[in-house]
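Data first, discussion second: the structure below is written as structure tokens.
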Amino acid sequence: MIKNIVFDMGRVLIEWSPEVIVAREGLSDADSALLLREVFRCGEWAAMDHGWMSQEEGFRRICKRLPARLHESARRCVFDWWKDELVPIPGMAELVREVKRLGYGVYLLSNATSVLSEYFPRIPGSECFDGRIVSADVKLLKPQPEIYEALYQRYGLDPAECFFIDDNLLNVDGAWLTGMNATVFFGDMQRLRRELNEVGVPVS
């Protein structure tokens, strides 16, 4: 029986689009493509999420590959992206609050830097969460099995009693491999609600 619902953050609770973040800089197409590649699609971004590298070190390394004219834009992308509006996924906050009212445990499992603690309270529905595991804090990344185990151990959860919602198939596979039921969220709230119903969670 499912007793706990576990949510990813980006593209599940809130919109996450590096393309939108870069577009805010108002750069040329060529500079936008360069910034997107060298900031968000680089080893440093993963290392910062993994907690292996500080944001300061990641930024320093990224700047070595960028022309000086893009350094300030890169700084905003690394350090300040979350200071703009955090756009909620339509209907997700309502779902979070509904499962909480129904008595389910509500948890977050996210690949993110430790700065998440600063902006998480701004995410609609965040007041419902009973706990969270952030990759940089535990030096693990989804879909490593150990990060799911860290969630179970910290909060005394039985994976067979948990249902995980993530936008990434590899992360969902990782959950299944550790015994947790899971689904890929494609942005379709009606489908997600049906899937919750199918595992015995009586959301409307």
Side-chain angles (χ1 to χ4, degrees), residues 1-21 40 49 81-82 84-112 116-117 119-135 137-138 140-204:
M1 183 174 67
I2 299 299
K3 296 181 179 179
N4 307 287
I5 312 298
V6 183
F7 294 85
D8 178 33
M9 183 180 65
R11 298 194 180 103
V12 173
L13 295 178
I14 59 171
E15 299 285 357
W16 165 250
S17 173
E19 291 82 3
V20 169
I21 295 169
F40 293 101
D49 275 358
W81 69 266
W82 55 272
D84 290 307
E85 181 184 8
L86 298 176
V87 180
I89 297 294
M92 192 59 77
E94 292 78 5
L95 177 64
V96 170
R97 289 167 180 149
E98 183 175 353
V99 296
K100 185 66 174 177
R101 286 196 303 270
L102 289 170
Y104 290 85
V106 180
Y107 297 89
L108 181 80
L109 180 59
S110 178
N111 285 349
L116 178 144
S117 62
Y119 61 82
F120 189 67
R122 292 169 49 202
I123 298 174
S126 62
E127 73 280 0
C128 296
F129 282 71
D130 298 295
R132 61 183 183 234
I133 293 288
V134 178
S135 58
D137 293 340
V138 294
L140 297 164
L141 277 177
K142 293 177 295 183
Q144 290 178 270
E146 292 85 358
I147 195 168
Y148 305 93
E149 297 293 345
L151 174 73
Y152 310 145
Q153 291 171 15
R154 178 176 295 181
Y155 298 107
L157 306 180
D158 179 347
E161 297 176 343
C162 298
F163 186 85
F164 180 48
I165 304 163
D166 197 289
D167 68 301
N168 186 302
L169 177 60
L170 290 177
N171 296 341
V172 167
D173 284 346
W176 279 104
L177 287 171
T178 62
M180 176 163 56
N181 200 334
T183 189
V184 180
F185 178 64
F186 298 101
D188 186 337
M189 286 301 303
Q190 288 186 341
R191 173 177 173 166
L192 177 58
R193 284 177 173 274
R194 286 197 303 270
E195 290 174 323
L196 286 165
N197 287 163
E198 288 166 3
V199 296
V201 180
V203 294
S204 60

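Positions are given from 1 along the sequence.
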When you compare the side chain of [Y] with that of [X], does any pair of heavy atoms fall below 4.5 Å?
X    : Y    : result
M9   : W16  : no
T183 : F185 : no
N4   : Y155 : no
S204 : R193 : yes
W176 : N181 : yes
L13  : V96  : yes
E15  : I89  : yes
V99  : V203 : yes

To the nearest 0.5 Å, tell me how far [X] [atom1] sits from [Y] [atom2].
X    : Y    : atom1 : atom2 : value
Y148 : L177 : OH    : CG    : 8.5 Å
L192 : M92  : CG    : CE    : 5.5 Å
N111 : Q144 : CG    : CD    : 9.0 Å
E195 : N197 : CD    : CG    : 10.0 Å
R194 : D188 : CZ    : CG    : 6.0 Å
E146 : E149 : CD    : CD    : 8.0 Å

Taking all non-hydrogen atoms of both residues into account, name the closest pair between [X] and [Y] and its distance.
X    : Y    : result
V199 : I2   : O-CG1, 3.6 Å
P121 : S117 : CD-O, 3.6 Å
C162 : V6   : CB-CG2, 4.3 Å
A93  : G125 : CB-N, 4.1 Å
V201 : Y104 : CA-OH, 3.6 Å
D8   : F164 : N-CE1, 4.0 Å

request  = Please check if the side chain of K142 supplies one atom and the backbone of G174 the other of a donor-acceptor pair under 3.5 Å.
outcome  = no
Practice item. Ignoring hydrogens and angles, tell me if any N or O in the side chain of R132 forms a donor-acceptor pair with the backbone of S110 under 3.5 Å. Key: no
- Item | F129 ring center within less than 6.0 Å of F120 ring center | yes
Review point. Please walk me through it: do N171 and L109 pass side chain to side chain contact (heavy atoms under 4.5 Å, CB included)?
Key: CA-CA 10 Å; N171 296 341; L109 180 59; over 6 Å; no
*asked:* One pair to check against side chain to side chain contact (heavy atoms under 4.5 Å, CB included): I21 and W82. What are the steps and the verdict?
replied: CA-CA 9 Å; I21 295 169; W82 55 272; over 6 Å; no
- Item | Crowding at NZ, K100 (>12 non-hydrogen neighbours, <6.0 Å) | yes
Can you tell me if E19 has over 12 outside heavy atoms packed within less than 6.0 Å of its CD? yes
